[in-house]
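Only one structure is covered here, and it is reproduced in the block below.
Lettering of chains follows the sequences in order, A, B, ..., and the numbering in each one begins at 1. These numbers come from a predicted model, not from an experiment.
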Protein chains: 2
Amino acid sequence: MLNRTDKSELSETKRKLLDEGIKLMRLKGYNATTVDDICAAAGVTKGGFFHYFKSKEDIAREAIVRFGEGRSEEIIDAPFRKIKDPLDRVFGRLDFIKDSVGGASRLTKGCLIGMLAQEISTTHPSLRGICQDAFLRMAEDFAKDLAAAKAAEAPKAQFDPKSLALLYISIFQGSTMMAKVSESNDVLLGNIEQFRQYLKLLFGLTAVKSRN
Amino acid sequence: MLNRTDKSELSETKRKLLDEGIKLMRLKGYNATTVDDICAAAGVTKGGFFHYFKSKEDIAREAIVRFGEGRSEEIIDAPFRKIKDPLDRVFGRLDFIKDSVGGASRLTKGCLIGMLAQEISTTHPSLRGICQDAFLRMAEDFAKDLAAAKAAEAPKAQFDPKSLALLYISIFQGSTMMAKVSESNDVLLGNIEQFRQYLKLLFGLTAVKSRN
DNA sequence: GTTAACATACCAACTAGTCTGTATGTTAAA
DNA sequence: TTTAACATACAGACTAGTTGGTATGTTAAC
């Protein structure tokens with residue numbers, strides 16, 4: 001039987017390799033994940049692997065893109081998207097992220113892009129660009145909502161939506177690192193709340209204590 | 001001739017190995033840095049390496065500690081430490097960090113601890129703990145100044161110094177990742193400014209635009 | 001002559017990638 | 001409708017190079 005049912009679809013085997021590759025690289029990074037690991041996890045042999053990918057770097061590239069697209073789809077379909085008020089939509093996004101991270105007990109599996117970004121930026125320049133693009137797309141998506149919220153709620157406020165979005169990405173990535181290292185989501189969840197607080201202050205939603 | 005001039009001092013060879021190891025791992029990470037790389041950079045042979053370190057994991061452990069101590073010394077000796085007013089000292093620290101990162105053109109070489117943290121957290125559990133300790137020490141040091149500033153300037157403000165310090169560490173680490181991936185310090189420097197802005201808002205130093 | 005501080009040669013395990021084989025289908029000429 | 005030619009999707013053995021680590025010197029200080 002044929003696996004590829006349509007020209008644009010991935011074969012079952014390739015999809016399995018990609019998904020297991022993503023899983024392993026999210027956990028152990030690029031170098032510590034071997035091609036044999038991926039093959040074993042996917043139940044495919046070397047021949048199968050190199051039929052679909054011309055090198056290890058190649059599967060990493062496709063994995064980053066697939067992971068990015070997956071995240072982007074999750075966010076596009078997320079319930080907060082339907083919130084009409086732009087500022088509420090911004091806060092809704094933060095709630096959604098907290099939900100998808102899970103409780104303080106369950107640890108994040110982390111972001112593949114963040115995991116690979118540091119490890120391969122200097123050693124695999126072509127992958128670096130792919131990671132950068134993925135980050136910029138995420139930032140751009142958030143920046144749109146922030147810009148809409150600013151226009152509607154505080155047009156005179158002194159902040160740049162794009163910079164704010166990049167700050168958010170940085171906080172999330174840094175916090176994910178802290179989560180891995182501390183084996184807990186506490187700091188990650190706390191930091192998202194602090195970012196929310198920063199937004200509230202920028203939008204003038206919270207009274208600031210006067211200096212005594 | 002003897003290299004070790006005093007019982008507590010590192011021999012010249014070991015110091016060289018450590019420093020070159022730090023340099024390489026900061027750049028390429030743990031797995032992509034080979035023992036041979038370090039030996040070549042330090043001008044030492046394998047025999048010399050394994051005389052001082054019982055394994056690659058061992059030099060990584062010592063490298064993390066040495067790097068952490070080095071950073072901690074730099075910060076202890078930094079000029080901002082002499083600032084009397086605690087809140088000014090907090091802001092002075094941010095200025096110091098920006099200075100030591102360098103201009104937007106020169107890219108950061110990054111933080112060794114952050115570089116290794118993600119890569120080894122799952123694969124080398126004992127190194128994970130070392131990284132965690134290093135982060136907590138940094139956070140603790142900053143948290144002290146934040147607590148002093150809070151006590152002096154805004155005792156009623158609604159923030160926890162320790163959490164704020166951990167947010168700062170997260171922002172710095174995440175921003176460093178963005179710097180590597182974008183080959184620019186722009187986001188890193190911008191994010192430090194945004195953190196400063198957040199602090200100002202928490203301390204009630206900045207007028208918040210009213211909603212229109 | 002014992003020990004610290006290396007140097008050199010070497011090894012076993014691993015790793016990315018290749019090569020050849022093969023089963024299964026597809027296409028199109030006869 | 002048979003068949004030859006070709007393509008796709010793997011399997012599995014193999015290889016060349018790398019890697020962390022070891023075993024065995026050698027040298028010089030004490």
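Taking side-chain N and O atoms only, B:Thr13 has no distance below 4.0 Å to OP1 or OP2 of C:dA5. The phosphate of C:dC6 has OP1 or OP2 within less than 4.0 Å of a side-chain N or O from B:Tyr52.
Within the 4.0 angstrom heavy-atom criterion, only backbone atoms of the sugar-phosphate kind lie near A:Thr34; the bases stay farther away.
If you take NZ of B:Lys14 and P of C:dA4, they are 14 Å apart, rounded to a whole angstrom. B:Phe53 places its CZ atom 18 Å from the C1' atom of D:dT22, with the value rounded to the nearest Å. Rounding to whole angstrom units, NZ of residue A:Lys16 and P of D:dA9 are separated by 18 Å. Spacing between atom CD1 of B:Ile38 and atom P of D:dG21 amounts to 11 Å, rounded to whole angstrom units.
A:Phe80 pairs in a side-chain contact (heavy atoms from CB on, under 4.5 Å) with only one of the listed residues (A:Asp145, A:Asp88, A:Val90, A:Ile97), which is A:Asp145. Exactly one of B:Val44, B:Asp58, B:Leu17 qualifies for a side-chain contact (heavy atoms from CB on, under 4.5 Å) with B:Tyr52. That residue is B:Leu17.
A:Glu140 has its side chain out of reach of A:Arg137: every pair of non-hydrogen atoms, C-beta onward, lies at least 4.5 Å apart.
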Atom pairs under 3.5 Å, N or O on each side, protein against nucleotides 17-20 of chain C: can you list them with distances?
from: C:dG17; atom 1: OP2; to: A:Lys56; atom 2: N; distance (Å): 2.8
from: C:dG17; atom 1: N7; to: A:Lys46; atom 2: NZ; distance (Å): 3.3
from: C:dG17; atom 1: O6; to: A:Lys46; atom 2: NZ; distance (Å): 2.7

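Here the nucleotide nearest the side chain of A:His51, chosen from C:dA5, C:dT8, D:dT8, is D:dT8.
The pair A:Asp141-A:Arg93 counts as a salt bridge, with a side-chain nitrogen and a carboxylate oxygen less than 4.0 angstrom apart.
Using a 30° and 60° split on the angle between ring planes, A:Tyr168 and A:Phe195 fall in the tilted class, from 30° to 60°.
Along DNA chain C, the nucleotide nearest to A:Ala32 and the one nearest to B:Val44 differ in position, and the one closer to the 5' end is contacted by B:Val44.
Under the 3.5 Å distance criterion, with hydrogens and angles disregarded, a donor-acceptor pair is assigned to the side chains of B:Ser184 and B:Asp186.
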